[in-house]
Amino acid sequence: NKDNSSNTVASNNVQRSKSFAFRAPQENFSIQDFELGKIYGVGSYSKVVRAKKKDTGMVYALKIMDKKFITKENKTAYVKLERIVLDQLEHPGVVRLYFTFQDTFSLCSSFNLLHCLTLFSLIYCEDMALESCEGGELFDQITRKGRLSEDEACFYAAEVVDALEYIHNMGLIHRDIKPENLLLTTDGHIKIADFGSVKPMQNSQITVLPNASSDDKACTFVGTAAYVPPEVLNSSPATFGNDLWALGCTLYQMLSGTSPFKDASEWLIFQRIIARDIRFPNYFSEEARDLIDRLLDLDPSKRPGAGPDGYATLKMHPFFRGIDWSSLRAQTPPKLA
Ligand code: ATP
């Protein structure tokens, strides 16, 4: 599934409030302060590397921004927004941002002076030291196991629901929920990552400047083709329901090994999404099929979690029978493959 349809397309625009104090400080570090290890992953505008801080021995996932690409593609707005949002989120199911730094050495070493000056104008384009998720992507767990059992999928889906409830209560839509952005800790708990497509709603608890605007119109859609809901393809405004559709696609993928609308091209994927062309394998339980069917409702307000009862409807669905929502993080997660 790691084809064109799993690449993220996103665009946001936000500015930091002058009086705003970051929780995760901007440190005066350079890349030489770290012992670099393996590359965890490569995104569309960043490289994420395992890095041990030489003086403290602390291990981080350094998200090193491709400043040249970000400048050229005019992506600074959503790089800034990701940093601002991550700074204010605190939940065991959300990847934590510890600090940022402006790596002036790598910034200047490969460019001429003029280029360097341009790049320095990107004052918020900082590299990020994130909590290291050593268990890798949920995507790779699904690939290694072929597909997950209903018990495994139920546990992972419950941890995603728990974190999504928090994110939505903060007034944020993630807009890029997919197995590649669900990371696992060493012991196998889920953390939602990659807030590069996040959208703060008007009542958001997240501090952004009041005149922050979104230039969504510049894009055909925000998110990833295989997980994008039909209303986004029809240019409807973003709602929390967008993430619930993507959760439905992700749960389908956990149980079957592939995303529900997988096809040979983005165009064909979009046709299947608009037609709601879903085929359930016969080994899905009645509960799994029912939950996915409801999450993939064409009407975003009817998806469980989006209605007037909030997340209660979603958490009380029979698929989650047996889940103790208050002690999820204390439970033993599925074994990593
Ligand atoms: P995208 O093109 O999806 O928007 P991006 O440039 O925003 O990508 P991320 O998705 O944040 O980059 O990271 C790219 C990959 O790096 C992830 O899919 C994951 O495999 C890995 N990664 C990201 N954050 C971490 C982390 N905290 N710990 C371990 N690996 C990580």
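Remember, it's a predicted structure, so these values are computed and weren't measured experimentally. Note that ligands are numbered from 1 as they come in the structure, with each ligand's atoms numbered from 1 the same way.
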**ligand 1 atoms in contact with S46 (distance to a heavy atom under 4.0 Å)** = 5 (P), 6 (O), 12 (O)
**Request:** May I have the step-by-step check of salt bridge (Lys or Arg N to Asp or Glu O under 4.0 Å) for R276 and D293, ending in yes or no?
**Result:** CA-CA 10 Å; R276 200 178 176 275; D293 195 50; 2.9 Å; yes
**Prompt:** Where does N181 meet ligand 1, judged by heavy-atom distances below 4.0 Å: at the side chain, the backbone, both, or neither?
**Reply:** side chain
**Request:** Decide whether an N or O pair under 3.5 Å exists between C133 and ligand 1.
**Result:** yes
**Asked** Using 30° and 60° as the class limits, which term best fits the ring planes of F29 and F101: parallel, tilted or perpendicular?
**Response** tilted
**Request:** Would you please indicate yes or no on a ring centroid separation below 6.0 angstrom for F99 and Y60?
**Result:** yes
**Main-chain N/O of A337 paired with Q141 side-chain donor or acceptor, under 3.5 Å** = yes
**Prompt:** Is E35 salt-bridged to K53, cutoff N-O under 4.0 Å?
**Reply:** no
**Message:** Are any of the N/O atoms on E82, whether in the backbone or the side chain, positioned under 3.5 angstrom from an N/O atom of ligand 1?
**Reply:** no
**Asked** With atoms numbered from 1 as shown, which atoms in ligand 1 lie under 4.0 angstrom from a non-hydrogen atom of Y45?
**Response** 6 (O), 7 (O)
**Complete:** Atoms of ligand 1 under 4.0 Å from any heavy atom of A61, numbered from 1 in the order shown, are 26 (C), 27 (N), 28 (N)
**Request:** Would you indicate whether the side-chain heavy atoms of R83 and E126 approach each other to under 4.5 Å?
**Result:** yes
**Request:** Using modelled atom types only, decide if a donor and an acceptor are shared between the side chain of D297 and the backbone of R303 within a distance under 3.5 Å.
**Result:** no
**Within-cut-off N or O pair, E137 and ligand 1, under 3.5 Å** = yes
**Fill in**
Note: ligand 1 atoms sitting under 4.0 Å from heavy atoms of E180 are 18 (O)
**Fill in**
Near S44 (heavy-atom distance under 4.0 Å), the atoms of ligand 1 are 1 (P), 2 (O), 4 (O), 6 (O), 8 (O)
**Request:** Below 4.0 angstrom from a heavy atom of V95, which ligand 1 atoms are there? Numbered from 1 as shown, please.
**Result:** 27 (N)
**Prompt:** Heavy atoms only: which of T224, I70, V48, L184 is nearest to atom 23 (C) of ligand 1?
**Reply:** V48
**Message:** Would you say that K63 contacts D194 through its side chain, given a criterion of any heavy-atom pair below 4.5 Å between the two side chains?
**Reply:** yes
**Validation row: P333, F155 side chains within 4.5 angstrom (heavy atoms)** = yes
**Complete:** Short version for E131: what comes under 4.0 Å of ligand 1, heavy atoms counted, is backbone
**Asked** Considering only heavy atoms of K63, which atoms of ligand 1 have at least one such atom less than 4.0 Å away?
**Response** 5 (P), 7 (O), 9 (P), 11 (O), 12 (O)
